[in-house]
Every structure is written in C-alpha cells, then in structure tokens.
2 protein chains.
Amino acid sequence: MPARIMNAPRTPVRQSSVRAHNLALVLQTVANSADRPSRAGISASTGLTRATVSALVDDLIAGGLLTEHDPAPRTGAGRPAAGLALSAAGPAGLGLEINVDYLAACVVDLTGEVRHRFIARHDQRPLSPGGSLTELGGLASQAISAATADGLAVAGAALAVPGLVTSSGIVRVAPNLDWLDVDAPALLNQVPGLADLPVVVDNEANLAALGELRAGDGEPTFLYVSGEIGIGAGIVLDGELYRGRRGWSGEIGHVTVFPDGRLCRCGANGCLEQYAGQEQVAADADLAAFALGVALAAVVNLLDISVIVLGGAYAPEFARLRPGIEAELTRRVLTASLAPVTLRAATLGPDAAMRGAAGAVIQQLIDDPATFLNSTS
Amino acid sequence: MPARIMNAPRTPVRQSSVRAHNLALVLQTVANSADRPSRAGISASTGLTRATVSALVDDLIAGGLLTEHDPAPRTGAGRPAAGLALSAAGPAGLGLEINVDYLAACVVDLTGEVRHRFIARHDQRPLSPGGSLTELGGLASQAISAATADGLAVAGAALAVPGLVTSSGIVRVAPNLDWLDVDAPALLNQVPGLADLPVVVDNEANLAALGELRAGDGEPTFLYVSGEIGIGAGIVLDGELYRGRRGWSGEIGHVTVFPDGRLCRCGANGCLEQYAGQEQVAADADLAAFALGVALAAVVNLLDISVIVLGGAYAPEFARLRPGIEAELTRRVLTASLAPVTLRAATLGPDAAMRGAAGAVIQQLIDDPATFLNSTS
DNA sequence: TTGATTTGTTTATTGGTTGAATTATTTGGA
DNA sequence: TCCAAATAATTCAACCAATAAACAAATCAA
C-alpha cells in the first residue's frame, strides 16, 4: 500500500472559508483591474452573483480595504456604476532592507504607492547584528510615525536580508554582513514602538523578485537574478515565489560554470559568482555574460522558464551583457528553437527588495482579507 | 511564514465546492492511512465533525470509491468501528508507455494494486507514430478487456512518452522515436474500444517521478533523474509535479557541465548527456558520477531540494555512482554543511513510468472525487 | 445485569450563496 | 415633458452544507 503524499486539502472547509475565499476573489479582482470596476463588473468577471458581490463589497468597504469613487466615464443608458478601488487610506505595509552599505525603510499603501521612504547609508559591517537592527528599528519607527501622521495604520512589516533565512525568520547565514543565526524579528520587536508589529524576514533576491512580479508585465513565471557582490535569484513560478524545502532556493551564484575553475569562497571551484559578480562584470563583461549564459541556460533547461529578469548591478549593465547571454541561451537551451527565452532588465531600481518587502505585506492583505477583517472588527 | 503571493483564487467558491473539497479530504485521508480508519478516526484527523464525515462517506461508498470492512482489531470498550478502505472494485487507471524498444500497458486499481500488465517488446523506430500508437491501442484494448472481466471500469488513461509534450497532449518532439508534432490522444482514440477514453500524455520522467512519489518514503520534494539513452528528470515540489511554463521542465540532460566539452546532438557543447548517458556510465563511471554531481549540485543550489532519486539505468549502477556524486554535492552545494542532501536509488523498476501513468489517473480520482461522482450518478 | 464507553445517526440551527423580484438612476425617443 | 428601455444595486425567500447536541447502537468490564 503506497504511502501517499498529496497536493491538496489538508484542512476542512466550512462556510466561513467560502466567504474568506470569495472576499479575496473580489479584492483581487479590484486590485488587478486597470480601471475602477463596478459591483456588476466584478460579478461578471468572477462569476459570483451581483447579490453576493454586493454583500462582499460591503464588508470590504466597512473594513477600510475598498472605497467607492465617482463612476468611470459613462457608456450608455442605465444607472451609473459606483467605481471601486483599493483604499489609499487602508492598512499599509512596511518594507525594510538591510544591506552591506545601507539600511532602508519604506511605507507602501494598499494601492501600491510608496508613501514614505527613509535611507541610512553607511557600512554595516563594523556593527553587530543587534546594532544594525536597532538602527533599522529607528528608521522603522520614523516610518510608522510618518504613516500615522497620514492616517495610515501599518499592518505588518517584511525585512529583506542578503542571506539564507529559515521559514521562521531566523537569518541562518548572511556572509557579507557576517551574520550567523540572528533572530531578526525578535530583535526588531525589542525596539520601542515595534513591539507588536508582525515581521517576516526573507532573502533579498526573493523579495526583489516579488517586487518585480507586482511591477512587471504580468508574466507569472520568471527568474529574477540579482547581481551584487554575491549573486542571488528569486524563482517565481505561476505567480508564486518558490522558496524550496528549507527556504534556500535561488543560490545561482554557486552553480558551477567551470568545474575546474577559480576557487570560490564557498570552497568549490568555478562558481558563477567568481565570473559574474559585480567586480567581474566591470573587469570582463564578455566572460561574465558567457558564464551567466551557461548558468541561466541550466535554469531554463531545468525549469522551463521563459522570462529572465536581470536586476541589481546587472540592470545598468544590461545592454553590455545581453548579447553574450543570449548567444549562450540560444546555443544551450534545448527548446530555444521551439520558443524563445525573453531577457529583460529589472524595472524597479535599487529599491526593488525594499519595495518587494512592503509589497509582500500588502499582497498578504489582498490575498487574505478575511483574517484582517476579523482581527479589526 | 512565507507570504504567498497572488495564489489567486480565480474562480468563485460555492457550497458545492465545499462539498467537493471535503469529499477529497476524506478520500485522501483514507488513502493515506496505513490502517483502515473509522468515520470517527477520520473526523478526528481532519477536524470535520462525525456527522459530516458520515454523510461524505455515504456518498463515497455509494459512488463505489470506498468500501466498509470488518473492524480493525479491537482496542477497548465501545461500539466497534467500521473500517474504511479504498474500493478494489472501484474505477481503475490505465497506464500506457511507449519507448524505443517496447510498448506497455497496465491496469491499476484504486488501492494501487497492479491488476494487469501487458508488454510488447520490439523496436519502435521502424514504425510510424500512427503504427506504434495503433499497436499500443491494441495492448490498451486487451488491458481494458481484462479489467472488465474483473468487473473493473477503467476511468481514464495516461501515456508516458520520452519527449517534450505540450499541455494539450501533443508530442512536440521525441528525438529517439523520431516523432514530431504527434497528436497521441487523437490517434489512440481512433482505436476501436478507446473512443471515449480520456487520455493524458506526459513526459516519461515526469510520470516516473509521480510513480516514485506514490511508492516512496513520503518526501514531498525531490528530483527524479531517469538515465536512459537520454537523461530526463521529473521535479516534484511539495507533492506536486512541476511541469514548467510549457511543460518542458526537467531537461537536465542538456545542462552544461563542461562549457567547452564534447559536442552534443542538440548542438551545444558539454551537455550532461555526453558524460552520463547509459553508455558513458558503462564506459567511465567515475567521469559520469562527476558530471552528474556537478549538474545535480546546480539543481540543489537553485531549488533547495534535499532528496535526489536515481532511476532508469542509474538504479542498478547506484552503488558505483554514489560516492562520486556525493563528493561533488558536498563540495558544490552551498548549504551542504547546514543540511545534507539524500541520494537514493528508485524503488520502482523499469515499470516506473507506466505505473506512474496509471497512478496519475487514480490520483486524479482521489484528488477530485466529486467530478467522478457527479459524472456517474 | 448494568454502567461506562465509543461509534455512528438524527435533527434543529447557522452561515453563505443563489435567483428572482424590486428599487434606483440614468439615456433616449415620442 | 414624460415614458420606455437599460443598467446598477438591493432585498428576500429558498437552498445547500456544515455544526452542535441529543440519541441510538454495540461493545467491554465489573
């Protein structure tokens, strides 16, 4: 008798789950609309009845997640619709980032607008993890105060870190910061004013990939590659970040390109990082592009990804890198002749990770409004 | 608690969806149980009330998916329980496989038992795709007749093919069969007796990976590598097969190991296939193991997979390959020191793909019994 | 034999969606 | 000017499925 693992329901579903799901469905429909949809329009595009949509929208308005606006430009006869949009006065997300040479915090409202932005630019390496996080907590407090002055309530925070993060938010290793097993959420929660703030921690490339997902062209499956001193990647499959078994996916920097090549600080030979890190791009862009092409071809062959986004230090060098990368992709991707691989530069600048972090908080609200509504009412 | 981004509910949920979900939950609970659980036991392990479980079980028994058995060995006081199990007389799955040197068909019942098995062993390359599929259709008819004689109704079929398959079941390319754009389901449905049989087609390594998932130790995230003349892989993430954007994932055979190495038939240099194909393993197992280790380390670095299963021609060579592969994994996987990577041989033999195919059909039934129940009542 | 205990079923209640009817608000034409 | 057509949104009875609690059934143990 085979032991079975399954992909699906591990939990029972009751009527309240139906409501929770449909609340999310309505809110997402509004969030993904270019214009301001009416209740009737939402009904048509979701398949829910107008009666149900009305009831759900009432809850979402009462909870401060949606607002009614003036009708969109008229079309013909009939009662004019009330346009619905995410509330700019609703709960906001706090995005935090800690990196080798700066700390950053920003507040993003439900509509995705960056409302406040604070940066402290100096080297973190002399500081202890506690020191860095206390200072970051100060920035966070400032950001929350600024948001409060606007009438915005910060619903949660996400922190981007250049390192391996466990699912419980412990930073296992952050080589460039010299961190080892740092409980970042606990340290942040010690800062006055942040005591009860829910904080999630994630890898910088992962959050930047999420930022790119929200800012991008709607492609739900892509690889985001962040070239800094190290090289990391965020893997987005079907609109969802793939974190791996222990949350350590995307370590493309240590994919082998030349099996007997340069010794890497990780102890292996010929890692991508040794040929396509920030400094190597400056020194020999052709070799960097070749190495990137070899490693990216492996990703495409394995995952059948059709879009690759180059971010971090790669974005400004995109034009120089592109031809070399594409040449190797064409040569080494088995299905290149059947369907092309699209290569593009990231659209968000250096704020990608911080904005992705804030975006993750508000995306969480949009994906599960029921929990938020129940907690506030 | 990693935020899931845009796990978009794109469809509305109504009461009937609740029932569909909970029917699946109950059926899966029975399927995953080592013993024969009672209604009360299911209630306890799912969180549904006993009343609800009773109602759901009644439906599943009426639909022929579950059967009641004598109670399991008594424990103490109280009314004895009625043991529930998947019905061996319920709907069955037909597994089909087409490969270079054989055709195969098997019938697997709901409990996972292989009830019938037919193999025709001869070279397919002289035949046209239509010829091969007509002959395979003959095997399939035989299998269905044998099943019918047992009182088994075949609910659907899955076909394993060594090639790239689109999501609609078209075989885009199968190099070793010399197939190009073959509409396998349509050709199979032309065989008398198979006219209305729903047929899905998938890559051989993908289906073998699913077979291994059902037969394995319960690990939900692993890479299955199938070494034949070519090398393919099936990627199972969180108990679900990852097929990629166009269904072409897992082409590990064309991951670059030596950027300037041997020319591959795909036109690139240094593909894994040139060093670790069936013949190369026989010729130089050490080099094959080294090459495999380099390529597999890339997979682990990218996907944070902790289990790798070697199947196909690798399984019998496992002992010879293991040390070399593990040496490279240890050296090249960034997180090797934090958590080890497990390497094991496949448990299913050469039938893996065919059994995985049949298993996929019955898994579909178990994951969505409501559709089956509605279609038969 | 009787009470304790556990399994499974019955029944009233509750939550949530549906569908049809109703109300509200506009445009366009007689 | 006024009414019909059209579209948006709400109200309300009906229905479906899960829940909780009471009840019936079947066994063990003293």
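This is a predicted model, so every value here is computed, not measured. Quick note: numbers below take in every heavy atom, side chains included, and nothing from hydrogens, waters or symmetry partners. Chain letters run A, B, ... following the sequence lines, proteins first, then strands; residues in each count from 1.
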Participant: Looking only at side-chain N and O atoms, does A:S38 come under 4.0 Å of OP1 or OP2 in D:dA9?
Facilitator: yes

Participant: Roughly, in whole Å, what's the span from CZ in A:R50 to P in C:dG16?
Facilitator: 22 Å

Participant: May I have the distance from A:E68 (atom CD) to C:dT25 (atom C1'), rounded to whole angstrom?
Facilitator: 14 Å

Participant: Report each atom pair, protein N/O against N/O of nucleotides 17-20 of chain C, whose distance is under 3.5 angstrom.
Facilitator:
unit_1	atom_1	unit_2	atom_2	d
C:dT17	OP1	A:N22	ND2	3.3
C:dT17	OP2	A:R19	NH1	2.6
C:dT17	O4'	B:Q15	OE1	3.4
C:dT18	OP1	B:R14	NH1	2.4
C:dT18	OP2	A:T49	N	3.4
C:dT18	OP2	A:T49	OG1	3.3
C:dT18	OP2	A:T52	OG1	2.7

Participant: Under 4.0 Å between a side-chain N/O of B:S54 and OP1 or OP2 of C:dG8, yes or no?
Facilitator: no

Participant: Is there side-chain contact between A:L213 and A:L210, with heavy atoms separated by less than 4.5 Å?
Facilitator: yes

Participant: Would you name the heavy atoms of A:G47 and B:P12 that are closest together and state the gap between them?
Facilitator: C-CG, 4.2 Å

Participant: Only counting residues at least two apart or in another chain, list the ones meeting side-chain hydrogen bond (donor to acceptor under 3.5 Å, both in side chains) with A:T111.
Facilitator: A:D109

Participant: Whole-Å distance between D:dA8 P and A:D58 CG?
Facilitator: 17 Å

Participant: For B:H21 and D:dA18, give me the distance from atom NE2 to atom C1', rounded to whole Å.
Facilitator: 13 Å

Participant: Using atom types as modelled, flag every donor-acceptor pair under 3.5 Å from a side chain in residues 88-95 of chain A to any protein atom, sequence neighbours excluded.
Facilitator:
none

Participant: Within this structure, what is the CG-to-P distance between B:D70 and D:dA26, rounded to whole angstrom?
Facilitator: 15 Å

Participant: Applying side chain to side chain donor-acceptor pair (under 3.5 Å) between B:D304 and each of A:R245, A:R243, A:R246, report the one that passes.
Facilitator: A:R246

Participant: Could you state the CG-P distance from A:D59 to D:dA9, rounded to the nearest angstrom?
Facilitator: 17 Å

Participant: When rounded to the nearest 0.5 angstrom, what distance separates OG1 in B:T46 from CG in B:L48?
Facilitator: 3.5 Å

Participant: Classify the side chain of B:R79 and the base of C:dT7 as holding, or not holding, a donor-acceptor pair under 3.5 Å.
Facilitator: yes

